[in-house]
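Worth saying up front: this structure is predicted, and the values here are computed from it rather than measured. Labels below follow one simple rule: chain letters A, B, ... track the order of the sequence lines, proteins then strands, and each chain is numbered from 1.
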Number of protein chains: 2
Amino acid sequence: MAWHPTGFDWNRARAFLATAQEGSFSAAARALKTSQPTVGRQVAALEAELDVVLFERVGHGLVLTPTGADLVEHIRSMDEAAHRVSLVAAGQSVSLDGPVCISTSQIEAVYTLPPILAGIRAKHPGIEIEVLVTNQTSDLGRREADIAIRSFRPTQPELFARKIKDGAAHLYGSHAYLEQLGNPSTAEELSRANFIGFNRDDTLLQGFNAMGLSLSQDNFGVISENQLLQWELTKLGVGICVMTEEVGDAEPLVRRALPSLSPFRFPLWLTTHRELSTSRRMRVVFDLLAEGLA
Amino acid sequence: MAWHPTGFDWNRARAFLATAQEGSFSAAARALKTSQPTVGRQVAALEAELDVVLFERVGHGLVLTPTGADLVEHIRSMDEAAHRVSLVAAGQSVSLDGPVCISTSQIEAVYTLPPILAGIRAKHPGIEIEVLVTNQTSDLGRREADIAIRSFRPTQPELFARKIKDGAAHLYGSHAYLEQLGNPSTAEELSRANFIGFNRDDTLLQGFNAMGLSLSQDNFGVISENQLLQWELTKLGVGICVMTEEVGDAEPLVRRALPSLSPFRFPLWLTTHRELSTSRRMRVVFDLLAEGLA
DNA sequence: AGTCTGCTATTCAAGATTGAATGGCTTGGC
DNA sequence: GCCAAGCCATTCAATCTTGAATAGCAGACT
């Protein structure tokens with residue numbers, strides 16, 4: 001049973017790690033939800049405790065000393081272990097009450113999720129829901145989110161995923177704009193239209209062309225990552241854009257640009273960390289999401 | 001730079017680990033050099049933070065829940081990383097002032113070390129020396145000690161070792177006792193004597209017999225791990241015992257029991273952790289020890 | 001040059017944490 | 001069956017930590 005505890009204060013180590021990661025005491029304080037003087041003092045205390053110089057104070061900003069760089073490496077592995085702790089703990093959590101963070105796309109967040117979330121809240125008022133709206137896939141492993149709605153199956157074995165359905169997406173345009181294009185009825189005719197895209201990647205272009213269209217970069221007059229902006233622009237007749245069937249067909253201002261075109265098919269996956277899938281709270285939210293999205 | 005800090009208090013995790021390792025809040029408090037209420041509260045706070053039950057409070061003592069057992073595993077790996085941190089930090093330590101812990105045997109501690117330590121203290125008053133007197137080889141990796149004096153070369157690659165010398169040990173007995181035995185001049189005659197040994201292991205016996213003696217368990221009337229006790233008993237004429245040449249020859253009450261017998265040969269190694277060998281303070285102590293022991 | 005923003009260091013009162021002492025409990029030994 | 005030892009929970013005063021506010025400073029931008 002003889003066990004020697006580490007001599008230094010672990011929280012100070014965490015303050016140091018945050019500072020090293022974020023680049024300044026102030027930023028670290030924001031990340032740790034504490035104040036800049038506190039972080040500064042904790043790091044100073046750690047330096048005194050370990051009798052090493054971690055940062056070179058150079059007026060504006062800090063710069064890690066070589067020693068500090070050595071140490072931050074090991075503290076990072078403390079942090080990784082800490083993340084595993086919080087992951088397992090969340091999975092073992094006994095109470096239904098508590099936070100759940102859901103990561104999803106803008107479209108789902110705005111058009112699909114609200115009624116589902118309302119239902120969850122009504123049924124389980126103790127569950128606090130945070131929605132992380134992002135197009136990038138959040139890191140479930142790092143617990144930026146607990147549950148993610150994704151359009152692909154995750155590859156990591158530590159993630160648990162359930163396929164909800166196969167969704168369909170079509171090209172939509174406003175009635176006015178399609179009129180202006182002469183109500184195109186073939187892919188060729190539609191290829192003269194303006195399109196609204198995500199980015200300038202070629203992959204999107206190739207996707208369109210694989211469906212029979214023949215588009216080039218010139219077709220994309222407006223680019224935005226923001227799907228809501230895309231959709232508003234589409235409703236205003238600025239161009240053609242891809243939208244899920246559910247949202248697109250429900251919008252009276254627009255119609256399918258080329259009904260004969262076969263739809264984009266994409267799966268919908270609900271994903272969580274395997275550790276979390278044993279938590280009652282996560283399980284409840286996961287199942288209600290699955291039910292609502294189906 | 002987006003970095004998500006772990007939500008829970010790392011020091012509380014450490015308190016929990018200590019409790020799990022030591023078996024009780026009180027013992028953990030002793031290990032952490034804090035008080036029992038503090039540890040109890042920190043563990044309770046961690047339970048609240050993680051919303052998990054870590055211990056089953058069952059009157060006397062605590063018992064880990066399965067959840068707690070899961071978590072302690074991960075926190076242990078935090079602790080391992082923490083140990084690496086303190087190790088590297090000690091290696092990088094800038095100041096000569098500070099503590100050094102030396103692990104050694106009783107004989108060295110009492111007969112050889114004092115003048116050397118006095119010399120170190122006189123030369124470097126800022127260095128605080130702690131001596132861990134133990135026959136068991138202390139765990140340098142876990143930093144129970146910084147420097148160890150050992151009679152074998154360590155096998156772990158992370159340890160740094162320097163061979164100081166080859167020592168010699170002989171069999172010693174008091175003048176009176178040897179007289180009483182009839183001043184034995186052969187191994188056979190000496191084999192009738194009482195011997196004072198460390199333990200009832202056969203290895204010691206085999207060592208003696210390999211040198212020409214023919215001893216059995218019956219020869220060992222007194223057993224003790226305590227070398228000083230062995231030596232005092234020897235001086236009082238209770239039996240024969242093995243002692244280093246330096247100590248044995250310097251003691252007027254005893255003489256070599258069988259001068260013709262070739263001595264035990266054993267190396268003397270000074271060992272430290274590789275990380276520490278770059279610390280100025282450790283280096284200074286290490287070198288002065290090596291010089292004094294040679 | 002001048003302004004603006006964002007950073008660190010310091011101060012001091014408010015707040016949180018700590019630990020000695022105590023009470024109540026359980027276990028193990030006589 | 002009783003006693004002693006060891007443990008956990010609670011209390012409350014002393015201590016330590018925290019954070020809002022402030023001052024001072026270094027770069028970026030106009």
Side-chain angles (χ1 to χ4, degrees), chain A residues 1-3 5-65 67-69 71-72 75, chain B residues 1-3 5-65 67-69 71-72 75:
Chain A
M1 278 300 145
W3 174 77
T6 26
F8 63 91
D9 186 304
W10 283 13
N11 282 335
R12 290 173 180 169
R14 187 177 51 162
F16 166 55
L17 175 61
T19 307
Q21 298 272 11
E22 300 290 328
S24 77
F25 290 154
S26 310
R30 282 191 293 272
L32 293 173
K33 300 189 207 306
T34 178
S35 68
Q36 167 260 318
T38 298
V39 176
R41 277 182 298 229
Q42 286 185 334
V43 171
L46 185 67
E47 287 185 315
E49 231 169 12
L50 300 178
D51 189 21
V52 293
V53 180
L54 297 171
F55 289 109
E56 212 67 59
R57 267 79 166 176
V58 46
H60 165 80
L62 313 173
V63 53
L64 264 182
T65 61
T67 297
L71 289 179
V72 82
I75 296 178
Chain B
M1 277 299 146
W3 174 77
T6 31
F8 63 90
D9 185 305
W10 284 15
N11 281 336
R12 290 172 180 169
R14 186 177 54 162
F16 166 55
L17 175 61
T19 306
Q21 298 272 12
E22 300 290 329
S24 77
F25 290 155
S26 311
R30 283 190 292 272
L32 293 172
K33 300 190 207 306
T34 177
S35 69
Q36 168 260 317
T38 298
V39 176
R41 278 183 295 230
Q42 285 185 334
V43 171
L46 185 66
E47 287 184 316
E49 229 168 13
L50 299 179
D51 188 20
V52 138
V53 180
L54 298 171
F55 289 110
E56 212 67 58
R57 268 80 166 178
V58 46
H60 165 78
L62 312 173
V63 53
L64 264 181
T65 61
T67 297
L71 290 179
V72 81
I75 296 178

Using the rule given for side chain to side chain contact (heavy atoms under 4.5 Å, CB included), can you reason through A:Leu50 versus A:Leu71, listing the C-alpha separation, both sets of side-chain angles and the distance that settles it, and then say yes or no? CA-CA 10 Å; A:Leu50 300 178; A:Leu71 289 179; 4.1 Å; yes

Assess the residue pair B:Leu46 and B:Asp9 against the criterion (side chain to side chain contact (heavy atoms under 4.5 Å, CB included)); give the C-alpha distance rounded to whole Å, side-chain angles, the decisive distance to 0.1 Å, and a yes or no. CA-CA 7 Å; B:Leu46 185 66; B:Asp9 185 305; 5.8 Å; no

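Every residue two or more places apart in sequence or in another chain was checked for a salt bridge (Lys or Arg N to Asp or Glu O under 4.0 Å) with B:Glu56, and none qualifies. With sequence neighbours excluded, the residues forming a ring pair (Phe, Tyr, Trp, His ring centres under 6.0 Å) with B:Phe16 are B:Phe55, listed by chain and number. Residues satisfying the side-chain contact (heavy atoms from CB on, under 4.5 Å) test with A:Ser24, not counting sequence neighbours, are A:Ser26, A:Ala27.
Comparing D:dG19, D:dC8, C:dT8 by their closest approach to the side chain of A:Ser26 singles out C:dT8. In the set C:dT8, D:dT18, C:dT18, the nucleotide with an atom closest to the side chain of A:Gln42 is D:dT18.
Going from atom CG of B:Leu54 over to atom C1' of D:dC8 covers 16 Å, rounded to whole Å. Residue A:Glu49 contributes atom CD, which lies 10 Å from atom P of D:dT17 at whole-angstrom precision.
Rounded to 10°, the helix from C:dA1-D:dT30 to C:dC30-D:dG1 has 40° between the axis fitted to its first five pairs and the one fitted to its last five.
DNA chain C lies under 4.0 Å from at least one heavy atom of each of the following residues of residues 30-39 of chain A: A:Arg30, A:Gln36, A:Pro37.
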Please tabulate, for side-chain N and O atoms in residues 29-37 of chain B, each donor-acceptor pair with protein atoms closer than 3.5 Å (sequence neighbours left out).
residue : atom : partner : partner atom : Å
B:Ser35 : OG   : B:Thr38 : OG1          : 3.0

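Within the 4.0 Å cut-off from OP1 or OP2 of C:dT11, not a single side-chain nitrogen or oxygen of A:Arg41 is found.
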